[in-house]
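Inspection log for the structure reproduced underneath, given as structure tokens.
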Amino acid sequence: MAALLARAACCLDEDVEPTRIAKWPALRQLTGRDRLGRGAAVRSPHTEAASPRTASAERVVASICPYCAVGCGQKVYVSAVNGKDTVTQIEGDPDSPVSRGRLCPKGAASKQLVTTPARQAKVLYRRPFGRAWEPLSLDAAMDMIADRVVAARAQTWQDERDGTAVRRTTGIASLGGATLDNEENYLMKKLWTALGAIQIENQARI
Amino acid sequence: MTANRLYGPLADVSGDAGYAEHPQRVGFFTDTSVCIGCKACEVACKEWNALPEPDGDVLTLTGMSYDNTGALGSNSWRHVAFIEQPVPANGHAGELITQQPVDADGATRWLMASDVCKHCTHAACLDVCPTGALVRTEFGTVIVQPDVCNGCAYCVSACPFGVIDRREDDGRAWKCTMCYDRLRGGLEPACAKACPTDSIQFGPLDELRAVAQSRLEELHAGGETQARLYLDDPDDGIGGGGAFFLLLDEPEVYGLPPDPVVTTRDLPRMWQWAGAAAVVLAAGVAVAFSGRRDTA
Amino acid sequence: MAECHPVAFQWVVEAKRRGATIVHVDPRFTRTSALANIHVPSRVGGDIVLLGALVNYVLSGGHEFREYVTAYTNAADILPADYQDAEDSDGLFSGYDPVTRTYDNSSWKPTGERDLTLTHPRCVFQVLKRHFARYDAELVQRVCGISEADFTRLAGILVRASGREHTTAWVYAVGWTQHTTGVQHIRTAAILQLLLGNMGRPGGGIMALRGHASIQGCTDIPTLFDLLPGYLPMPRAEDETLDGYLTRLPDTGFWGNKRAYLVSLLKAWFGAAATAENEYLFPLLPRLTGDHGTYRTVLNMIEGGVKGYFLWGQNPAVGSAGSRLQRLALAKLDWLVVRDLAVIESATFWQDSPEIATGELATEQIGTEVFFLPAASHVEKGGTFTNTQRMLQWHHKALDPPGDARSDLWFAYHLGKRIRARVAESDAERDRLLRSLTWDYPESGDEAEPDAEAVLQEINGSGPDGKLLNGFGELKPDGSTRCGCWIYSGCYAGGVNQTARRKPQSEQSWVAPEWGWAWPANRRMLYNRASADPQGKPWSERKRYVWWNEQNGEWTGHDVPDFEKTKSPDYIPPDGAVGPAALAGTDPFIMQRDGRGALFVWTGLKDGPLPTHYESAESPVVNDVYKQDTSPASVLYPRDAATSEQLAGHAATYPYIFTTYRLTEHHTAGGMSRTLSRLSELQPELFCEVSPQLAAERGLENGGWATIISARAAIEARVLVTRRLRPLRLADGAVVHQVGLPYHWGSEGLVTGDVVNDLLPFALDPNVLIQESKVATCDVRAGRRPRGPALIELVDSYRHQAGLEPLDSWTASTQEGS
Amino acid sequence: MSEQPQVPPAEFQSYYGKPILKVSRWREPHLPAYLFLGELSGALAVVGAAADATGRRSLARVARVTAALGAYAGGAFLTAELGRPERFLNMLRVAKPTSPMSMGSWILASHSGLASAAAASEVTGLLPGLGALAGAGSAVTGPLLAAYPGVLFGNTAVPAWHEAHREITMLFAGGAMTAAGAAGLAASAVSPDRRDFDAAWKLAMIGAAVESAAGYGLETRPGKSGEPYRTGNSGRVLAAARYLTLSGGVAALAARRSRTAAAVSAALLTGGGICAKVAVLRAGKASAADPAYVVASQRPAEEPDPAMAAPA
Ligand SMILES: Nc1nc2c(c(=O)[nH]1)N[C@H]1C(S)=C(S)[C@@H](COP(=O)(O)OP(=O)(O)OC[C@H]3O[C@@H](n4cnc5c(=O)[nH]c(N)nc54)[C@H](O)[C@@H]3O)O[C@H]1N2
Ligand SMILES: Nc1nc2c(c(=O)[nH]1)N[C@H]1C(S)=C(S)[C@@H](COP(=O)(O)OP(=O)(O)OC[C@H]3O[C@@H](n4cnc5c(=O)[nH]c(N)nc54)[C@H](O)[C@@H]3O)O[C@H]1N2
Ligand code: SF4
Ligand code: SF4
Ligand code: SF4
Ligand code: SF4
Ligand code: SF4
Ligand SMILES: [Mo]
């Protein structure tokens, strides 16, 4: 019985150091205002330590929701977790005149978009007629792609069509842009146009 | 024990729980008449509280309108209900809540409501918790202390709203904390913050009650006669909810109990009955032992 | 809007609380309907009739805002005598060539005379009246299934909520655009808004709720075949010289400065290599010869004409119409580069596409070489998105991307560098542009990430001294300025990244001009000069927005005036004036060549100057209004079968309409939502929404399975029987059932399902080449679909019944050429 | 019916028939076993003291040892019922009169302490005075241990528990007596000294009577919330409990003459007692799973009259 009481005297959490008998909630019930053991007397170390994890973020970065064209403001909280920068929370930016801090379920899930393990972080390569993905270094991939662009362009170059100059290739096409930044679309359009590629399209068409 | 510690209006819940000094009681007013059923509240809650992710294999459609969450539970602390209702041709006057035009097939309306722990003034879960894992905070809210809960599951059956539940793989009971950690940092709860239409309003409970009253009047004036407040009244069976609601139909339509009463209201009488039973037991033994010892 | 733009919908909810009446026109009762005051269920593809009937209601009841209409629109323009309206020739305008399915618009061009009394029989106002005279409440009932009572109620609300003291806003998205008559839907709304005086005024306008985070940006700085940045058209083969090209753009209004815009762009791209002598290298730009849109390109792929394909954050194997053809096309490429956050269906088609299950494709026979390159997410790079209000907002980089993931900026830049290195020694003419490219952005970090701000600065433009420009007004036609996108000029005004401004909304006016930066010139509302009357006084004190300050001799107001700041209301342009100077002080629509709102559009539209109701490419109903059944100019790729012509008389085979749409809980093709547990669990399975009546007709059970069969595919979905969908009663008591299908599912991700886009044809609006994904016809049966080759047999049994050739011969013939 | 009711009885409404309450997480056999062992121990502690006082040594010995064992076994089942059994001792972190389980834990803790002290003394013969004192103490904690579970169930939102708390409390009090009686009967079946056990037989019969009466009370409880005690699986188990208990009581009459009868009676009574606990648990789960019970209990006026609900 004594041993029993002695053990009960501490807060009995695996992670928490046993504390003095004075911290025994039942005793605090008797000695304090919280006779029924509903509040002050029974608080645990976990409760006492509660604070928002965002308060300890290393930095808070202003961002914009990546999903839809409403363009809600986001605040991105970054902390080092196991020595690695990690997004620990993304929530609405109350300062935004667009969204006033609010987010829809997609915006509210955007931390998961960034941190989900479903995200592929390595280059994958499938050779012609291949049955499986293979690894490939980014550098090699970039070179292979550049080679293919140059070759395809050379093969399919049209100087003219029906007697008029067209100076283009229809052997290369590109699709996408609505999820990208303006700067990215700008470089793409610039590069494609210089390459003479015209079949450049994005979601605005669909 | 002072009056109203088990039942009835309680002016100062935090004081009752032994906090000499404490902030104002805060709560939620969920105005379901402006809920768009987007479930941002569900997602924001899960993300903030890092609730366990579902097991991919069990993801199936419920067939309950757009509700695939089903109910509040240990891993869903907000639940948005979707009710598709036929509206009787003569039954619905208001124009503030849409219905399709009435034709031969009648009309339809679609009610959506985000449910959450009520943070009851008289919280049955808290009262029955044998470990003190459930605790009233300085803000007047009710939270489970995960470092204390031993998973006895008593709270599960005590809650008149079916809110709190034990997470079976973890063994502990979980429910909405009203983002206690955020409140401590001066932040608004994650769900209320996300809610696009302000269907979930967070703030000092007194102020919310006033806001709710005026919203109710607005709806009534607009012909929405079915609108009513739910759990706003400190005289109700749970002493009023720390989270209360504006509903457009009977509570049970939303899966809420129509007139919940904190079970502890009847506790003194129940203890008396237990005493009586103990006496019966003792008396029974006495009778059995009365008379001479058998000599056969 | 509540479904797809939920956070923006807060403003609608707020407006409603302040007394606005919210009307939702949608075939389905959605989350938006639930919060609206009135939901008007209508048949998909019927909006021109509904909107046209509203136009007619306004005109025939004399409800137009006459002063506004006379002053600010082209209502007074008189049309040539040889102009023939669709009313006169049963659905066709003058100038139609049935062989090419195109119009010659010469008979549409106004004569230049105007009749300010608006009574001349050939003035636009009268033509408009006649054009829409037949569009009335009865027709609305016949075509759309909306009761006359509901229509009248709607019309009454609209008229009451417009005028001097009130404004009405129309808000639309792809429910209007994804039709073969998509552009004309918006046109009809524009006519209505101009007639009611709702344009350029606060609380008015037509708001396009656009799609992705930067869909507006990728139209402004277009990764689109037919545009250059800032809506300059891509040169066509016939645009041999710079001067010749420029004649395609108006001389008057703000387009009048077109040379400055284009030359500055070429200078930004080619720097010193672009000179006046070489026409700033304009002649070397690639030339268009017609349609090079994504659907045409996919057919070219199937034909074998395309070697390599880049997918930068788009998933056509799920998201694009006719996704079966999309996947067959991917299988014909030599190589494919996919840049995405997750391994999406468009990257794995060779592994697990539905065609592998049916045996149409076999992994080991697909020769496509596939590169999957992981992309950095929005928090892993800095840059701007342009939202649906044309507002650029900078998102800051929070941390480095993981592993091989890189920003698309990095990819474009380093790919460009490598390609340029490969042609550095080349003296081939075709490599000249490449070699001339200005391609030297500051790099930083181990990954040599190019500096996105430097790119934005190039977009903003700089002067001869290299100083950043403050706006497009500073652009010069002489090659002394550089600017990557004229409408974005000013986003770096004062050398400050204006797009990164984040002054809290609580600390500024309700227009919030100091948050981000909106093009053009940080204007938050376009054509806002129309918020004041011709004299420059607000039409209404309640609704004052921009007005003429006589004392200071300038326009002023809550927003940046969309007008030359000091051009007085009494300014009258001298004869022969060009550019902005050609517009009077009373001409608010400054991007129009005449400065007026176009009730009648004589140039730029391929399917007629006035909106006209045509049935969708696939419809179980024949056109009730004109003999011309479907849009005469719509782009139908001939071999993509089963447009209504081919299906005529076979409504029995595919008796139901289906429409496709989004759910709040998912995002488009699913790459950003089916990969996330938080979203997946909220809508875990593909479903179809059917009315209780249709469920009874087809034996469908709530929660059970249904198979949906179109002329192209059969898919399965769980069933939601819902009163939110209702059968519509059309002309002569005909009942139309509409089936609802959200389109977010595919084979990858946490939750998977059939691809709804397999069902859809390639049928496009001729003006912008958007596909008709909001309507097609189908049959619905209870139960799951067959697996393997039996699936094709099922589709073919329907095709046989409808008199179409079997699917594989159709696919094969598609591949032979169209 | 003479006049139309003002408000026609509303059709019962619910959210897709989904439960309003959470169905109890308490499991079988853990919880019924705990309840049974607890009441067994509780009643036996009283029996032990009474037997000691009346000189029924054999009975006292059996009662004390079994009371102690029962308390520990019950505690073990209770612990196993926890989601985090290793935190069992957190039960003694607080003492909350509002929580029957908290009170019960304290009762169980003190009871098992006292009962084991008494049993230890009984078995070892050491410190007989203290042993008697502990035994007397456990005779006080015992009835509390046996009776409090009625409050444990009653103090929930579950209609079939909350509204039937009186019957349940009595059912458990009766059950405690039958259980103790059954223990005595069982012991008497093997004990050389059968005369000591007369009181147990009587107790069994008294218990059986009380338990059956309370069970009957449950089954005949008016209103919707009594339904699970009459119908469905829980109704059948409760009926079985009653048959078992009654026949066990009858068999006890023959215990005096026949060791077999004693053994059979003990088995029947034990079975009845356990079934009663199972029935109560299941009835509660049934009433929590069906929103109709909750709504009916909170809107008694609108409870649909079956006769009126019939389609016209
Ligand atoms: N949650 C969510 N939000 C999104 C997206 C998402 O995938 N999920 N995607 C984003 C993108 S890319 C876009 S483009 C936008 C699109 O935003 P919306 O256009 O709102 O999206 P949809 O759901 O495709 O279509 C809207 C509605 O059009 C209705 N409709 C169909 N046909 C017709 C018709 O003929 N007339 C009328 N009046 N209505 C019709 C449909 O029933 C549907 O309710 O949303 C953006 N926002
Ligand atoms: N039936 C039917 N079909 C439709 C529609 C419809 O209403 N009905 N709507 C159409 C419309 S409007 C649209 S917009 C399309 C959408 O169709 P898609 O654009 O094909 O679909 P998404 O899933 O949005 O694809 C965008 C991809 O970009 C990736 N991504 C996100 N951020 C980045 C980034 O920074 N870099 C890179 N490289 N990738 C990124 C995402 O992971 C995602 O896979 O669907 C169209 N299809
Ligand atoms: S939070 Fe929702 S509404 Fe806002 S931008 Fe993101 S997806 Fe769009
Ligand atoms: S609703 Fe239930 S869980 Fe929440 S405080 Fe009240 S009793 Fe406790
Ligand atoms: S399960 Fe946890 S929170 Fe609930 S009553 Fe038991 S100890 Fe308290
Ligand atoms: S208050 Fe916090 S814990 Fe409670 S539902 Fe909202 S987000 Fe979840
Ligand atoms: S976030 Fe707000 S609007 Fe959305 S479902 Fe939750 S309560 Fe309703
Ligand atoms: Mo889109």
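Only a predicted model underlies this, so the values are computations on that prediction, with no experimental measurement involved.
- Within residues 110-124 of chain A, the residues that have a heavy atom under 4.5 Å from a heavy atom of chain B are K111(A), Q112(A), listed by number.
- Neither the backbone nor the side chain of T88(A) comes within contact range of chain B; no heavy atom of the residue lies under 4.5 Å from a heavy atom of that chain.
- When heavy atoms are compared at a cutoff of 4.5 Å, E53(B) approaches chain A solely by way of its side chain, counted from C-beta outward.
- Annotation: side chain to side chain donor-acceptor pair (under 3.5 Å) contacts of D198(B) (sequence neighbours excluded): none.
- Listed in order of number, the residues of residues 133-149 of chain A that approach chain B to under 4.5 Å between heavy atoms amount to none.
- Of the two parts of C195(B), only the backbone, made up of N, CA, C and O, holds a non-hydrogen atom closer than 4.5 Å to a non-hydrogen atom of chain A.
- Residues of residues 63-87 of chain A never come within less than 4.5 angstrom of chain B, heavy atom to heavy atom.
- Contact of A20(B) with chain A is made through backbone and side chain together, with heavy-atom distances under 4.5 Å.
- For chain B, the option among G39(A), A41(A), A26(A) with the highest count of heavy-atom pairs below 4.5 Å is G39(A).
- For a residue to count as touching a neighbouring chain, one of its non-hydrogen atoms must lie under 4.5 Å from one of that chain's; by this rule A55(A) does not touch chain B.
- Electrostatic pairing of D181(B) and R53(A) does not count as a salt bridge here, judged by no charged N lying under 4.0 Å from a carboxylate O.
- A 4.5 Å side-chain heavy-atom check between P146(B) and H46(A) finds at least one atom pair inside the cut-off.
- With contacts defined as side-chain heavy-atom distances shorter than 4.5 Å, the pair E48(A)/R184(B) qualifies.
- Interface remark: I36(B) contributes no atoms to any contact with chain A (heavy atom separation under 4.5 Å).
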